[in-house]
Amino acid sequence: MCKENRTDEVFEEVKIREMRIEDYDQVRALWMTIRGFGIRSIDDSEEGVARFIRRNPSTSVVAKANGETIGAILCGHDGRRGCFYHVCVREDYRKKGIGKAMAVFAMKALQKEQINKVSLIAFKQNTVGNRFWKSVGWTFREDLNYYDFTLNEANITKFNA
Ligand SMILES: CC(C)(COP(=O)(O)OP(=O)(O)OC[C@H]1O[C@@H](n2cnc3c(N)ncnc32)[C@H](O)[C@@H]1OP(=O)(O)O)[C@@H](O)C(=O)NCCC(=O)NCCS
């Protein structure tokens, strides 16, 4: 993807491709810069992400610029519904269409696997995230409540400051 940089009007190449486990270190480093992200001790470890990618080898995404990972989406499905986790773009690359392009890439990958619906969780206080999903056409569901149940207490979530 070639995209005009809106601040200094130079052109730079941003490439969007499938995430591989070799991307883990850079993706994790990016996650750690995102305020409010909850990083899980097991699910977000290298082993946890490798397990996720083995199960969903073609649906997660990275955005690369100058050899650096500047965006990522963990995306998978259970055979029926797709799910996005940890959608992020590095702060200095935001508002250039990269988040939308990554989401479209992952949604097309889900469609190839015959998945007909995709969902995600956004914290209510995440103003930027909620504005983003509404603006790229996702439906905010007011008619349902979200339930979960912890199956492993060792999978501790630590939120970035
Ligand atoms: C949400 C996020 C991934 C968006 O990435 P991005 O590359 O900046 O998004 P895009 O440039 O593709 O934006 C697409 C549209 O979303 C909307 N949007 C994006 N950021 C916005 C913001 N800060 N305020 C209002 N609208 C915004 C705009 O309508 C934008 O279109 P426009 O630029 O033509 O107006 C990025 O802001 C991010 O990493 N945020 C922190 C992590 C996070 O909150 N993730 C979502 C978890 S649910």
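Indexing begins at 1, ligand by ligand and atom by atom, following the structure's order. Atoms considered below: every heavy atom in the structure, side chains included; atoms not considered: hydrogens, waters and symmetry mates.
Side-chain polar atoms of Glu113 and Ser58 form a donor-acceptor pair below 3.5 angstrom.
Listed by atom number, the atoms of ligand 1 under 4.0 Å from Val128 heavy atoms are 23 (N), 37 (O). Proximity to Lys100 (heavy-atom distance under 4.0 Å) selects the following atoms of ligand 1: 12 (O). Here is the list of ligand 1 atoms found below 4.0 Å of a heavy atom in Ile34: 41 (C), 42 (C). Interface of Cys88 with ligand 1, defined as ligand atoms under 4.0 Å from a residue heavy atom, comprises 39 (O). Heavy-atom contacts of Lys96 reach the following atoms of ligand 1: 11 (O) (cutoff under 4.0 Å).
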For residues 33-42, tabulate all N or O donor-acceptor pairs below 3.5 Å that involve a side-chain atom, not counting sequence neighbours.
from	atom 1	to	atom 2	distance (Å)
Thr33	OG1	Leu30	O	2.6
Ser41	OG	Ala154	O	2.9
Ser41	OG	Ile156	N	2.8

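When the heavy atoms of Glu91, Arg90, Lys95 are ranked by distance to atom 35 (O) of ligand 1, first place goes to Lys95. Counting only non-hydrogen atoms, the option in Ser135, Gly97, Gly137 that gets closest to atom 28 (C) of ligand 1 is Ser135.
Grouping Ile, Leu, Val, Met, Phe, Trp and Tyr residues whose side-chain heavy atoms lie under 4.5 Å apart, directly or via other members, places Leu151 in a hydrophobic cluster with Phe149.
Ring planes of Phe159 and Phe123: perpendicular class, angle over 60° (limits at 30 and 60°).
Between Arg90 and Asp92 there is a salt bridge, since at least one side-chain N of the basic residue sits less than 4.0 Å from a carboxylate O of the acidic one.
Considering backbone and side-chain N/O atoms, Val87 comes within less than 3.5 Å of an N/O atom of ligand 1.
The parts of Val89 lying near ligand 1 are both backbone and side chain, judged by heavy-atom distances below 4.0 Å.
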Discussion item. Between Asp143 and Arg141, is the salt bridge (Lys or Arg N to Asp or Glu O under 4.0 Å) condition met? List the steps.
Written reply: CA-CA 5 Å; Asp143 57 331; Arg141 297 292 297 266; 2.9 Å; yes
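The number of heavy-atom neighbours closer than 6.0 Å to CZ of Arg55, taken from other residues, nucleotides and ligands shown, is 12 or below.
In this structure, Phe123 has no heavy atom closer than 4.0 Å to ligand 1.
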